[in-house]
Amino acid sequence: MDPFEDTLRRLRETFHAGHTRPAEFRAAQLRGLGHFLQDNKQLLHDALAQDLHKSAFESEVSEVAISQGEVTLALRNLRAWMKDEHVPKNLATQLDSAFIRKEPFGLVLIIAPWNYPINLTLVPLVGALAAGNCVVLKPSEISQGTEKVLAEVLPRYLDQSCFAVVLGGPEETGQLLKHKFDYIFFTGSPRVGKIVMTAAAKHLTPVTLELGGKNPCYVDDNCDPQIVANRVAWFRYFNAGQTCVAPDYLLCSPEMQERLLPALQSAITRFYGNDPQSSPNLGRIINQKQFQRLRALLGCGRVAIGGQSDECDRYIAPTVLVDVQETEPVMQEEIFGPILPIVNVRGVDEAIEFINRREKPLALYAFSNSSQVVRRILAQTSSGGFCGNDGFMHMTLASLPFGGVGASGIGRYHGKFSFDTFSHHRACLLRSPGMEKLNAIRYPPHSPRRLRVLLVAMEARGCSCTLL
Amino acid sequence: MWSRPSASVPRFSCVLDPAMEHEVQRVRQAFLSGRSRPLRFRLQQLEALRRMVQEREKDILAAIGSDLCKSEFNAYSQEVIAVLGEIDFMLENLPEWITAKPVKKNLLTMLDEAYLQPQPLGVVLIIGAWNYPFVLTIQPLIGAIAAGNAVIIKPSELSENTATILAKLLPQYLDQDLYIVINGGVEETTELLKQRFDHILYTGNTTVGKIVMEAAAKHLTPVTLELGGKSPCYIDKDCDLDIVCRRITWGKYMNCGQTCIAPDYILCEASLQNQIVQKIKETVKEFYGENVKESPDYERIINHRHFKRILSLLEGQKIAFGGETDEATRYIAPTVLTDVDPKTKVMQEEIFGPVLPIVPVKNVDEAINFINEREKPLALYVFSHNHKLIKRMIDETSSGGVTGNDVIMHFMLNSFPFGGVGSSGMGAYHGKHTFDTFSHQRPCLLKSLKREGANKLRYPPNSQSKVYWGKFFLLKRFNKEKLGLLLLTFLGIVAAVLVKGWPVTPPQPSPGRTGQWDPREAWKDCTSHLAEAWIRLASVGSAQENELMPVAASATSLVVL
C-alpha cells in the first residue's frame, strides 16, 4: 500500500547494521558521487539546458563544479571532520577523558528544489553521506530532465543499500513526510517549509530549512553606476533570476536611479546582446505556472528596461521596473525571475528602516565606496548572509556557512557545516573507575561545613568552574 | 512583569490573547531599540543577574526548597552553583565570542574580507522545567542575554514557588522591558506559543516537545528541545561494584529521581543483580541514614499526579528493597526492582522518580541490542574497567551524551554541548553552545567596488575559457608551496615571452580567421589551455599533484612558445 515503506525499512536496516559508519565506506560513496559528476557531465548539461535553458557556463560554474568542489573538500577532510573533538575540562573532570563524538543521525531525507537541481541536491547529499547517514533523496518533480538523471543514473554510483531516490509531487511528498526520519533537509519556499516542519514535529525530527525571501540590495550615491550595474545585472539575471540569493529589489535614491538605468541597459546589452531572447546565456522560466505569475508582476510600476515576454518559449526579458509602490504584488512576494524593481529611498537610514520592516532576508547586499556605510547596514540589519559590493560571492566560499534566519530558514550548510548539520554532537565523558575519595564531597549526608568547603573552593577558583 | 493565576483565566481558543500579544510586542519593541546589543549592556545585565543570585540567595533557596522539599545544600550545589559558574564563564569569554571570526578565502575573494559575525536572533522564549526549576530556567537565560536577545521567561507552573520568586526578583535586577517573566499554566503557555518568537528553548517532556515544535513551525521559529527518555546504565562484570553502586545511588536518588539525565534503568548480567541490590541498599543507608524519610538530603515528588504515576509503576514488580510510600508528604523511598520484564509499564515510560529497575541481559551484545531497539536516550552510562568495552558501547549506540564509569557528570562540564538526539531532543546548550544557540552566525563578505576587470570573467557572453578560469578560481585552494609553484610557472611564461619576443614573431594564423594575427586571441587561447591544465591538476590526488606541478609549469611554457 505504502510505496515508501520497503525502501525506508531497507535503508534503516543498513544503518542499524552499521555499514555506513566506517570512513572507508563514506569515502567510497563520495568518490562515487564524484565519478557520477565526471562521467555524466554532458548528460547533466543537457538536462539543465532542457529544464532551465542553462548555458554550459552557468551549468558548469553554478552546478557541476560547485558540487564537485564539495565532494573534493569532503574527501580531503573526511577523517579530520570525523575525529573525536577533545574539549577543555574543569577541575572535577581533570583526570578524565572528555570529547565530542560526531555520529550520524540515521535516516536522512533531502528534499531538493528545481532552480539549481544539481547543486541544491548534491551539496546536501555530500554532507549527509560524509556524516555516515543513509539518505532518501527527493529531487524536484518540476525540473523533470534533471530528476530523470538523478533517479536513473545517480543510484548506479552509490551503494543502493544506503541510498534511494524517491519521486513524486506534493501528494507523494506528503505521504513520505508521514514517515519517521532522523533528519530532514528541505530547500524550497517558506510555505512548504512550514508544512515540512509541522510534519517533522510529529516525530521530533530536527530540520534544516533553506528558504528564500526578498533580498534587498542597497546602492549608495557614491558608487560608480556602471560597476554596480554590471554586478547587479549579472546576478539578478543569472539563471533567469531563479536564484534564492539573487537581489530581489534595489534600494537607492532617485538620483542614483537616473544614473543606474542607462548603466543597467548597457550591461544587459553587453551580456545578452540586443535581442536577449536569442542569447544562449539567458535562462528560461521553469514552467508555465511560474511564467504566468512573473508575467503578471510585469504590470507593477513602470517598465524602464525590458518587459517583453514570450509564452511559447517561457521567455521573460531582463527587466527593470521603476516607480514601484511598496504595496504592489512585486514587492509582496519573492520575485524569483528576471525582474528587478527599484524602490527609491532618501538615504541609508530609510533603507535600513525599510529592510527592518520586512522579514529577515536570506541575503543582503550593500554597494558603497564608503566602508562605513556598508558596515552600518551590516550592523543594523539581519539576514542569512551579507555581501558588500558584490552579489552571491559569499556563496562560493565553503568556509562560510549558507543558510537563512527568521522567515528565510533554519540551519546552515556547505563544507564542514554540512557535515556538522548531519552529525549529532555527542558529549562523551570517560571517568576513571577509581579515585572514589574525590567524590565524597558530592555525596549525602551534607553538612553546613561541606557547603562552606565547597564555597571556599569555588571562590578560590574565581568561580570559573563547577565543582559538582 | 505580568502574571495571573490560571484559575481565573477565561478561555480563548483561537483568537490571540490581546494582553499576551501586547506583552510580546513590548519586548520586541525593546529589542528593536537595539539596546540589548552592546557588549557593555550584556555584561551589565549578567552582572546584575549574578548580584540577584548572591543577594537574594536565601529567598531563592527557600523557594526551591519548598517546591521539592530540598535542603539548602542540595539547592545550592545542584542549582545555584551551576548558575553562578555559567555567569562567570560568560562574563569571562563573551568579549571574545562576540567578535567577528575571519574564515579561509579562495582565490576569487583573496583581497576581500570574509568573516562570521554573531548576531542576536531577536525575542527568545524560554520555557523552564519544574525538576530543577532555577537552573533549567536561568542557565538558558544567561546565554540568551549574552547573545544580545530579548527574553520571555516562562517558568514551570508546577514549581510555583520558584516561578513566583523569579517573577518577583528578575524585574528588580534586569531591564524590565527586555527580559520579562510570564507565569501561568497550560492555557497561558498555549496562548504564548501562538505568538511569534525568534527562538524557543523548551525543557520538558516529549509530548509537549512535539506541541512546541508544531507551534513553532507556524512561524518558522527554530527550536531547542531538551527532553528526556529512558537513560540506560550498563554495568559490566569487570568493575568495582562498591564504587559503581555509590555513583549510581547518588545520581539516581538525587532530587528524588526527578532528573532528566538520571540513570533510568540498569542493564547487567543476572548474576550481578543481588550484589548490586545489596550495595545500593548499603549506600542508601550511608547517604540518607536508617530512616530515609527523616533525611534532610532526600527530596519529595513534585505533586500528587506524579506521585500516583510512580506508584502505578511499582504494580506487579519484584521490589528488592524500598517501596515505602507516604501519600500525605509525597514520599517514595529509594527503590530497586529486580528481574524486570522489559514489557512492563516501568520499562515503557521515563520513570522520573526514585525507582530503579534492573533488567538482566546475557551479555554486552544483548545490552547494545536492547538499547538500540528503543528510542535514543538523553544519556547513556557504562561502567567497566575495560576501556574497549566502553568504546564499543559508544560506537554502537546513540544517545544525547555519555558518561563512562560515572553518572550525571557530563552535564557538569560546560565545554560539552548538552542536549538530546531523536526523541530525547534537538539542539544543545551550556557555555559557548548556549551563546551559539541564541546567535545567528552571519556570513559576511566585504568586497571593494574596484578591480572590475577581474569580474569580466564571470559576465556573459561566455566561453569555454571562462568556464576553466571560473573553476580554477572557485575551486583551487592554495598553500604557500603551491603558490610558489604557480609563481614559477608565471615567471616561466614571462621568460618564454621575452626570449621569443612574442609580439614580433606571430605564429601561423589559424584557419577560419583573417590573416591578421591578434595577440589578444592568442592570449585567450593560451590562458584557456593553461587554466585547463591547472584544473586537471586540481582533480588529481594531492600526492601526485606536487610531482606534476613542475611538469605543468614547463607544459604551460611550451604552450606559449
Side-chain angles (χ1 to χ4, degrees), chain A residues 55 57 60-61 65 69 87-90 92-93 98 103 190 193-194 197-198 201-202 204 206 223-224 227 234 271-272 281 369 374 378 382 385-390 393-394 396-397 399-401 405 407 410 424-431 433 436 443-446 451 463-466 468, chain B residues 73 76-77 81-82 84-85 88 103-104 106 108-109 114 119 209-210 213-214 217 220 222 239-240 243 250 287-288 297 385 390 394 398 401-406 409-410 412-413 415-417 421 423 426 440-449 452 459-462 466-467 470-471 474-475:
Chain A
S55 66
F57 176 83
E60 187 62 33
V61 170
V87 299
K89 292 174 279 190
N90 58 13
T93 47
E103 60 173 41
K194 288 178 189 176
M197 189 169 169
T198 308
K202 300 218 161 50
L204 285 170
C223 300
D224 176 342
I227 292 179
W234 177 66
F271 294 172
Y272 307 105
N281 298 311
N369 269 321
V374 174
L378 175 58
S382 183
F386 183 92
C387 191
N389 288 323
D390 208 339
M393 294 310 290
H394 63 287
T396 65
L397 272 179
S399 53
L400 285 176
V405 60
I410 296 175
H424 165 51
H425 292 220
R426 191 183 192 189
C428 300
L429 178 69
L430 303 189
R431 306 213 75 205
E436 186 62 4
Y443 297 139
H446 302 303
L451 186 55
C463 297
S464 62
C465 83
T466 308
L468 268 175
Chain B
F73 178 93
Y76 196 89
S77 65
I81 281 189
L84 290 175
D88 288 328
V103 299
K104 271 191 197 161
N106 58 15
L108 265 189
T109 44
Q119 282 193 330
K210 289 178 184 174
M213 189 170 170
E214 214 171 313
L220 288 170
C239 59
D240 182 341
I243 293 177
W250 170 73
F287 284 1
Y288 303 107
D297 298 314
H385 276 136
I390 298 182
I394 296 177
S398 181
V402 187
T403 298
N405 286 317
D406 206 339
M409 291 304 286
H410 66 281
M412 309 291 182
L413 190 57
S415 44
F416 272 146
V421 60
S423 74
M426 63 183 79
H440 168 52
Q441 298 283 345
R442 190 184 194 189
C444 303
L445 179 67
L446 305 190
K447 295 181 74 100
S448 87
L449 276 173
E452 181 64 2
Y459 298 143
N462 303 313
K466 281 189 178 181
V467 174
K471 283 168 73 174
L474 282 178
L475 300 180

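Naming: A, B, ... by sequence-line order, numbering from 1 per chain. All figures in this text were calculated on a predicted structure; none of them were measured in a lab.
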Max heavy-atom pairs within cutoff under 4.5 Å with chain A, candidates B:Gly209, B:Ser448, B:Ser423, goes to B:Ser448
Side chain, backbone, both or neither: which part of A:Glu436 has a heavy atom under 4.5 Å from chain B? both
So which of B:Leu413, B:Asp240, B:Ile390 has the biggest tally of heavy-atom pairs under 4.5 Å with chain A? B:Leu413
Does any backbone or side-chain atom of B:Ile394 lie under 4.5 Å from a heavy atom of chain A? Answer side chain, backbone, both or neither. both
Distance-minimising heavy-atom pair for A:Pro444 and B:Trp250: CD-CD1, 4.3 Å
To the nearest 0.5 Å, how far apart are CE in A:Met197 and CG in B:Leu220? 7.0 Å
Answer with side chain, backbone, both or neither: which region of B:Ser398 has an atom nearer than 4.5 Å to a non-hydrogen atom of chain A? both
So which residue, A:Pro190, A:Ala98, A:Ala201, ends up with the most heavy-atom pairs under 4.5 Å with chain B? A:Ala201
Could you tell me which of B:His440, B:Glu214, B:Met426, B:His385 has the largest number of non-hydrogen atom pairs under 4.5 Å with chain A? B:His440
Proximal component of A:Thr198, with respect to chain B [non-hydrogen, under 4.5 Å]: both
Exam field: side chain B:Ser415 to backbone A:Pro88, donor-acceptor pair closer than 3.5 Å: yes
Taking side chain as everything from C-beta outward and backbone as N, CA, C, O, which of these in B:Cys239 sits under 4.5 Å from a heavy atom of chain A? Side chain, backbone, both or neither. neither
Contacting region of A:Leu429 [heavy-atom separation from chain B under 4.5 Å]: both
Less than 4.5 Å to any heavy atom of chain A: does that hold for the side chain of B:His410, its backbone, both, or neither? both
Select, from B:Leu446, B:Asp297, B:Leu449, B:Ile243, the one with the greatest count of heavy-atom pairs under 4.5 Å involving chain A. B:Leu449
Taking all heavy atoms of B:Phe416 and all of A:Cys428, pick out the closest pair and write down the distance. CZ-O, 3.0 Å
Among the options A:Ser382, A:Ala407, A:Gly193, pick out the one with the most heavy-atom pairs lying under 4.5 Å from chain B. A:Ser382
Minimum side-chain heavy-atom gap B:Val402-A:Arg426 below 4.5 Å: yes
Okay, B:Gln119 and chain A: the region with an atom under 4.5 Å from a heavy atom over there is side chain
Between B:Asn405 and chain A, which part of the residue has a heavy atom less than 4.5 Å away: side chain, backbone, both or neither? both
Residue among B:Pro443, B:Ala114, B:Pro417, B:Cys444 with most heavy-atom pairs under 4.5 Å to chain A: B:Pro443
Please classify the contact of B:Met213 with chain A as side chain, backbone, both or neither, using a heavy-atom distance under 4.5 Å. both
